[in-house]
Q: 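Got a structure for you, questions after.
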Amino acid sequence: MSISSEVISGQKGATVNIFKNAWPLTKIQALFELPFNDLLFKAHTVHRENFDPNAVQISTLLSIKTGACPEDCSYCPQSVRYDTGLEKEALMEIQAVVDAAKAAKANGASRFCMGAAWRSPKDRDLDKVTQMVEEVKALGMETCVTLGMLGDSQAKRLKDAGLDYYNHNIDTSEDFYQEVITTRTYQDRLDTIDAVRGAGINVCSGGIVGMGEKKVDRAKMLQTLANMEYPPESVPINQLVQVEGTPLDGVEQIDSIEFIKTIAVARILMPTSQVRLSAGRSEMSDEMQAMCFFAGANSIFYGDQLLTTENPSESADHQLFKRLGVHPAMPS
Ligand code: SAM
Ligand code: DTB
Ligand code: SF4
């Protein structure tokens with residue numbers, strides 16, 4: 001069976017796995033073990049079969065509620081448990097969010113992603129967030145929010161407001177997960193993804209590499225994503241941004257070739273998903289990012305800040321796109 005015949009196009013533009021658990025771990029590990037050039041050739045071929053190889057989707061992030069989060073995610077500067085010197089900020093006013101979205105649109109972003117440092121939103125928080133979604137959507141942008149755990153009725157409210165994507169990462173393998181987060185389970189995350197999918201919202205889910213996980217954890221994380229009944233439409237691959245004060249500050253960094261391989265394997269396993277070269281680009285050279293695009297990454301966060309940490313400047317990204325002959329992808 002060829003790689004691309006393992007999936008077929010399904011309803012709502014999502015891709016349905018016709019064979020659940022289509023990817024056994026051994027096959028994924030075998031991809032990671034391929035010589036680098038063989039793996040990249042395979043990934044790039046799959047990429048070309050499914051996408052314009054020179055188009056990169058552009059999303060801009062805004063932290064709409066910052067810090068003081070009760071969760072203990074060991075990578076995160078926004079957890080109340082770690083002293084990272086971050087100033088907390090209450091949920092932003094709607095107009096300020098709309099103004100930021102307008103500016104992002106004027107700068108070329110097609111999707112606006114709003115992030116809140118919550119374990120899960122309260123229903124009254126959603127009153128405000130649903131209005132933000134409606135108003136940003138009215139600007140002609142795709143909308144994405146990441147608000148923590150979500151129940152079915154909350155997901156439905158966001159869908160009714162017109163939300164296009166919900167970001168909720170599985171972060172790593174189920175095995176390694178408990179070494180990173182103790183305040184919510186892996187199953188909690190999968191349940192939220194099910195609620196989002198059930199409401200008919202596109203799923204954005206990926207993880208973080210470079211947290212001290214083993215190779216097998218990266219393979220298992222991608223296996224979990226690829227073997228979902230509907231793999232996520234958008235798969236952010238974050239390289240850990242080490243932040244002073246967090247437990248993961250100082251952990252051994254991931255080898256850059258391993259990072260590129262992770263992108264390539266994600267592309268092969270999820271041929272029609274957008275694979276986002278997500279956090280960590282400030283620490284990557286242009287050449288490294290170019291290799292990631294060749295390996296199948298076709299989406300980035302654009303704008304000089306992620307949620308609370310640094311991202312490459314807009315002018316650096318303009319230069320990069322120009323050097324590579326890459327152009328922003330049109331919204332689908
Ligand atoms: N609080 C919500 C939640 O965790 O679902 C939404 C915001 S949270 C900051 C979104 C994602 O950002 C996390 O799941 C994690 O994958 C990523 N993230 C957070 N801190 C990071 C860091 N230091 N480096 C890389 N990715 C990070
Ligand atoms: C995702 O996978 N990465 C983004 C977004 N989804 C919300 C967040 C990255 C956060 C990096 C640390 C920070 O800036 O606080
Ligand atoms: Fe809170 Fe999200 Fe950060 Fe975890 S990743 S501490 S849930 S803001």
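Every heavy atom of this structure was used, including side-chain atoms; hydrogens, water molecules and symmetry mates were not. Indexing begins at 1, ligand by ligand and atom by atom, following the structure's order.
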Q: When you measure from atom 6 (C) of ligand 1 to every protein heavy atom, which one gives the shortest distance, and what is it?
A: Thr146 OG1, 3.1 Å
Q: Is there a side-chain contact between Tyr82 and Asp72 (heavy atoms, below 4.5 Å)?
A: yes
Q: Under a 4.0 Å N-O cut-off, is there an ion pair linking Glu71 with Arg81?
A: no
Q: What's the spacing between Thr143 OG1 and Leu163 CG if we round to 0.5 Å?
A: 4.5 Å
Q: Please determine whether a side-chain nitrogen of the Lys or Arg among Arg189 and Asp171 lies less than 4.0 Å from a carboxylate oxygen of the Asp or Glu.
A: yes
Q: Got the closest protein heavy atom to atom 14 (O) of ligand 1, with its distance?
A: Asp171 OD1, 3.4 Å
Q: Report yes if some heavy atom in the side chain of His327 is under 4.5 Å from a heavy atom in the side chain of Asp52; otherwise report no.
A: yes
Q: With atoms numbered from 1 as shown, which atoms in ligand 1 lie under 4.0 angstrom from a non-hydrogen atom of Trp118?
A: 1 (N), 2 (C)
Q: So which of Asp249, Asp83, Thr84 actually passes side-chain contact (heavy atoms from CB on, under 4.5 Å) with Glu244?
A: Asp249
Q: Is Arg218 salt-bridged to Glu258, cutoff N-O under 4.0 Å?
A: yes
Q: Have a look around atom 3 (Fe) of ligand 3 and list protein N/O/S atoms under 2.8 Å, or say none.
A: Cys76 SG
Q: Once you round to the nearest 0.5 Å, how far does CG of Asn50 lie from CE of Met270?
A: 12.5 Å
Q: Quick check against the 3.5 Å criterion: does Asn311 have a side-chain atom that pairs as donor or acceptor with the backbone of Leu306?
A: no
Q: Does Phe301 have Arg281 sitting over its ring (NZ/CZ under 6.0 Å from centre, angle to axis within 45°)?
A: no
Q: Which residue and non-hydrogen atom of the protein lie closest to atom 7 (S) of ligand 3, and at what distance in Å?
A: Arg184 NH2, 3.3 Å
Q: Which protein non-hydrogen atom lies closest to atom 12 (O) of ligand 1, naming both residue and atom, and how far is it?
A: Asn169 ND2, 4.4 Å
Q: With heavy atoms only and a cut-off of under 4.0 Å, state how Ala116 meets ligand 1: side chain, backbone, both or neither.
A: backbone
Q: What atoms of ligand 1 come within less than 4.0 Å of a heavy atom belonging to His168?
A: 5 (O)
Q: Nearest protein heavy atom to atom 13 (C) of ligand 1, by residue and atom, and its distance?
A: Tyr75 OH, 3.8 Å
Q: Cation-pi between Arg111 and Tyr165: NZ/CZ under 6.0 Å from ring centre and within 45° of the ring axis?
A: yes
Q: Considering only non-hydrogen protein atoms, determine which one is nearest to atom 9 (C) of ligand 1 and report residue, atom name and distance to 0.1 Å.
A: Leu307 CD1, 3.5 Å
Q: Check contact between Gly148 and ligand 1, using heavy atoms of the residue and a distance below 4.0 angstrom.
A: yes
Q: Can a donor-acceptor pair be found, under 3.5 Å and without considering hydrogens, that links the side chain of Gln223 to the backbone of Trp23?
A: yes
Q: Identify whether the distance between the nearest side-chain nitrogen and carboxylate oxygen of Lys65 and Glu89 falls below 4.0 Å.
A: no
Q: Starting from atom 4 (O) of ligand 1, find the nearest protein heavy-atom neighbour and note its residue, name and distance.
A: Arg184 NH1, 4.0 Å
Q: Can Glu174 and Lys220 be counted as an ion pair, charged N to O under 4.0 angstrom?
A: no
Q: Thinking salt bridges, do Lys156 and Asp152 make one under a 4.0 Å N-O criterion?
A: no
Q: Given a heavy-atom cut-off of 4.0 Å, could you list the residues near ligand 2 in chain and number order?
A: Leu61, Pro77, Thr146, Asn167, Asn169, Pro236, Asn238, Ser278, Phe301, Leu306, Leu307, Thr308, Thr309
Q: Given the protein's heavy atoms, is any one of them under 4.0 Å from atom 2 (Fe) of ligand 3?
A: no
Q: Flag yes if more than 12 heavy atoms outside Gln95 fall under 6.0 Å of its CD atom; otherwise flag no.
A: yes
Q: Name the orientation class of the two ring planes belonging to His44 and Phe294 (parallel below 30°, tilted from 30 to 60°, perpendicular beyond 60°).
A: parallel
Q: Just to check, does Ser278 reach to within less than 4.0 Å of ligand 1 when the distance is taken from its heavy atoms?
A: no
Q: Measure the distance from atom 24 (N) of ligand 1 to every protein heavy atom, then report the residue, atom name and distance (to 0.1 Å) of the closest one.
A: Val241 N, 3.0 Å
Q: Atom 27 (C) of ligand 1: which protein heavy atom is closest, and how many Å away?
A: Ile208 CD1, 3.7 Å
